[in-house]
Protein chains: 2
Amino acid sequence: MVKHYEVFAALGDPTRQGIVDLLTRRERTVSELAGEFAISLPGTLKHLRVLQSVGVVSRTKTGRTVTVRLEPEPLGAAEDYLRRTRTFWTHQLDNLADRFADSKPKELR
Amino acid sequence: MVKHYEVFAALGDPTRQGIVDLLTRRERTVSELAGEFAISLPGTLKHLRVLQSVGVVSRTKTGRTVTVRLEPEPLGAAEDYLRRTRTFWTHQLDNLADRFADSKPKELR
DNA sequence: ATAATGCTTAACCATACGGTTCACTATAGC
DNA sequence: GCTATAGTGAACCGTATGGTTAAGCATTAT
């Protein structure tokens, strides 16, 4: 199971974000991607492996060319996590409830 | 200006995600946070500095204790970026339009 | 005044990470 | 069959990163 921070770590690099951004417009081959970033092909490969390891990207081999495609699901999961985290004020209502709990003989620590 | 990948990099560490998660419930002092993660206080400090550098967290000194608080804005920005990226299929309609553009004498490359 | 507490800074260490080059495999084209 | 093209793998390198300990500063408590 892939954790949220792993997806964030994968997105937390300028080159990888650039790759992701490119892939929003259309799918690309590995060497097309490498051509965009003034880094070597093996360097690009490493980034692709990181992105693929968290499911953000998938690769399909056709003949000798490999097509790289963006996968929306992990992005959605990360987005949901961010939304839940950002709306922490609702959680803080629970916190208010906790304070009341302090003056009661209830457990629920 | 803080870039998206910087926010993602900040969230892309298990300890820092843990800190953020804790702060969704309520604000904490620095040493409270340090107590939760079996890492030293200076280690915790480093993580806090990273989170603060991208604005995800803010610190307020009161006397000798420092209160750490979650800031929703950068999380929202990251969330928006993810949403835009995830809904790349709509962008690919533009791509389809591009193909038509190829057979036309229009520019718009 | 002294001691204890809360936080910070500095120096250091091992490992992970982003990059490279070189060698290799596999498919496509002549 | 030979050559060119697309992608991979392996080894290596410098720097960034996550962690530590030790020392220092500022505020609170005795």
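Throughout, a chain's letter reflects where its sequence line sits, starting with A, and its residues are numbered from 1.
- Of the candidate nucleotides D:dG7, C:dT8, C:dG6, C:dG6 has the atom nearest to the side chain of B:S31.
- At the phosphate of D:dT8, OP1 or OP2 sits under 4.0 Å from a side-chain N or O atom of A:R59.
- Distance B:L48 CG to C:dG6 P: 16 Å, rounded to the nearest Å.
- Between A:I39 and A:H47, the closest side-chain pair of non-hydrogen atoms falls below 4.5 Å.
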Just the atom pairs and distances: protein N or O near nucleotides 25-28 of chain D's N or O, under 3.5 Å.
{"residue": "D:dT27", "atom": "O2", "partner": "B:R64", "partner atom": "NH1", "Å": "3.2"}

Each nucleotide N or O in nucleotides 9-14 of chain C that has a protein N or O under 3.5 Å away: list the pair and distance.
none

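- When all heavy atoms are compared, the tightest approach of A:E71 to A:S58 is OE2-OG, 2.8 Å.
- Of all nucleotides listed (C:dG18, C:dT20, D:dG7), C:dT20 comes nearest to the side chain of A:S40.
- Counting only N and O atoms by type, the side chains of A:T67 and A:E27 include no donor and acceptor under 3.5 Å apart.
- Between the P atom of D:dT17 and the CG atom of B:L51 lies a distance of 14 Å, rounded to the nearest Å.
- The distance from atom CG of B:D13 to atom P of C:dA16 is 14 Å, rounded to the nearest whole Å.
- Rounded to whole Å, the distance from CD1 on A:I39 to P on D:dG14 is 19 Å.
- Atom CD of A:Q52 is separated from atom P of D:dG7 by 14 Å (rounded to the nearest Å).
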Determine, stepwise, if the pair B:V54 / B:L11 fulfils side-chain contact (heavy atoms from CB on, under 4.5 Å). CA-CA 10 Å; B:V54 297; B:L11 298 174; over 6 Å; no

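- Within the nucleic acid shown, B:T65 comes within 4.0 Å of sugar-phosphate atoms alone, with no base atom in reach, counting heavy atoms only.
- With hydrogens and angles ignored, the 3.5 Å screen pairs no side-chain donor or acceptor of B:T65 with any backbone N or O of B:K61.
- The aromatic rings of A:Y81 and A:F8 sit tilted, their planes meeting at an angle between 30° and 60°.
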